[in-house]
Number of protein chains: 2
Amino acid sequence: MLTGVDLATEGVDRFQLIVNTSAKLFSEKGFDRTSIRDIASAAGLLPGSLYYYFKSKEEIFLEVHSQGMKILSDAAREAIAPHKDPWCKLEALAVAHSQVLLDDSGFMFMVAARFPECIAEQNQILMKQRDEYEAIIAEVIGELDLAADIDSDVFRLQFLGALNWAQTWYRKDRGMAPKDIGKHLVKILCSAHNGTVREK
Amino acid sequence: MLTGVDLATEGVDRFQLIVNTSAKLFSEKGFDRTSIRDIASAAGLLPGSLYYYFKSKEEIFLEVHSQGMKILSDAAREAIAPHKDPWCKLEALAVAHSQVLLDDSGFMFMVAARFPECIAEQNQILMKQRDEYEAIIAEVIGELDLAADIDSDVFRLQFLGALNWAQTWYRKDRGMAPKDIGKHLVKILCSAHNGTVREK
DNA sequence: GTCTATATAGGGATAGAC
DNA sequence: GTCTATCCCTATATAGAC
């Protein structure tokens, strides 16, 4: 509009097209097995052209990670906002997490166990983005009526593990739907404490 | 003894030395980022020499996976054997799993989310080895007094996810010990049903 | 059995034309 | 901004000497 440049051809600009394409491929094949040539080809460009937008493959990863974590954090905050009961918040959070994680936008590969061994310096950035998201979860868990001998940090990590692992077994065409996977987990965990997940 | 060949130099034969070394490196850096050169170097051989024992990197992976799953299955069976109460069995299983997963032998990277895109044919072999182990868990879970609205398959997958995810956050030098990580998870899950894990 | 040497392929990244 | 062409490195794997 302002510049008069028509970006509507792709619906998004080239930068974002590359990010979206990369996210999808990283998600499908993993970072290591996705080549610059793969990304370029899928985005309808030639390899050299990518370097106009990003100075390295690692930088593409950083952008995908950053956007992905923002999507996840936003979804989490929006999901818990309407609720007061902490178990309801946790359920809403689990549902949101599962849905973002398992939908096919491909943005959530980045909860993968290992980063592509970035330089330590950049790893700090990734860790900070993750910590921000985990803080949201930690706050909800802090409000739960957990038994004294439950470690809330380990509770959070095992909660996230149970959800994230679904990436390895979830199939879109059969079995439980993403939102039900989230609900199921909280049902398992909550019956230990309140009996049911229902707004008080 | 029988052949008179002295294999005591390394404590194990070359074949097993390569397997052990590979397991450790795969565990530390992942399959993709571990090169044949890395393995050879760590094992004190030159790259070409590996091909006397294995015809490809993929074949090394298959052997590591096979041995690793055997270690895990054996540990699981041994752990649950002394118990009668199903929740005690599950706890014993969780403890055994965590210990094998998180010790530093490095054999357990293979619970990683993705296989190194082997040929479909060989993937069948890997899946069979995993299914065998999961059957042990499924049997124990089948004996639990779970609520009617709990899906025992999803329960198993979320249980395994919570445990396997510890690979991403466990640190040998701080935090909870492996066996306590296993116990903690079952405590969370069991209090939903029996109150405590204790032999009846 | 282990080594040296190398074939062959694919990767990330860059220079410079257009 | 995108393409062509290519550099350079690293990877797996092999052939054949020892």
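Residue numbers begin at 1 in each chain, while the letters A, B, ... track the order of the sequences.
- For A/Y52, no side-chain nitrogen or oxygen approaches OP1 or OP2 of D/dT2 to under 4.0 Å.
- Summarising the geometry, the separation between CG on A/D38 and P on C/dA9 is reported as 18 Å, rounded to the nearest angstrom.
- Heavy-atom contacts from other residues, nucleotides or ligands closer than 6.0 Å to CD of B/E139 number 12 or fewer.
- The distance from atom CD1 of A/I18 to atom P of D/dG1 is 12 Å, rounded to the nearest whole Å.
- Checked against the 6.0 Å centroid threshold, A/F26 and A/H65 do not count as a close aromatic pair.
- B/F61 places its CZ atom 19 Å from the P atom of D/dA11, with the value rounded to the nearest Å.
- The listed nucleotides are D/dT6, D/dA13, D/dC3; the one nearest the side chain of A/R37 is D/dT6.
- For B/Y53, counting side-chain heavy atoms from C-beta on, the closest listed nucleotide (C/dA13, C/dG1, D/dA11) is C/dG1.
- Picking from D/dA13, C/dT14, C/dT2 the nucleotide with the shortest atom distance to the side chain of A/Y51 gives C/dT14.
- A cation-pi arrangement is absent between A/K57 and A/Y51 under the rule of less than 6.0 angstrom and at most 45 degrees off the ring axis.
- An OP1 or OP2 oxygen of D/dG1 is reached within less than 4.0 angstrom by no side-chain nitrogen or oxygen of A/S49.
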Checking side-chain hydrogen bond (donor to acceptor under 3.5 Å, both in side chains) for the pair A/S35/A/D38: CA distance, chi angles, key distance, verdict? CA-CA 5 Å; A/S35 70; A/D38 291 336; 3.2 Å; yes
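- Here C/dG12 presents its P atom at 5 Å from CD1 of A/I36, a figure rounded to the nearest Å.
- Rounding to whole angstrom units, CG of residue A/D13 and C1' of D/dG1 are separated by 13 Å.
- Atom C1' of nucleotide D/dT10 and atom CG of B/D32 are separated by 14 Å, given to the nearest angstrom.
- Under 4.0 angstrom from either OP1 or OP2 of C/dG11 there lies no side-chain N or O belonging to A/R33.
- When the nucleotides C/dC3, C/dG12, D/dT12 are ranked by their closest atom to the side chain of B/S35, D/dT12 comes out on top.
- Between the CD atom of B/E59 and the C1' atom of D/dT12 there is a distance of 14 Å, rounded to whole Å.
- Aromatic ring pairs are classed by plane angle as parallel below 30°, tilted from 30° to 60° and perpendicular above 60°; the pair B/F159 and B/F155 is parallel.
- Atoms CZ (A/R14) and C1' (D/dC3) sit 12 Å apart, rounded to a whole Å.
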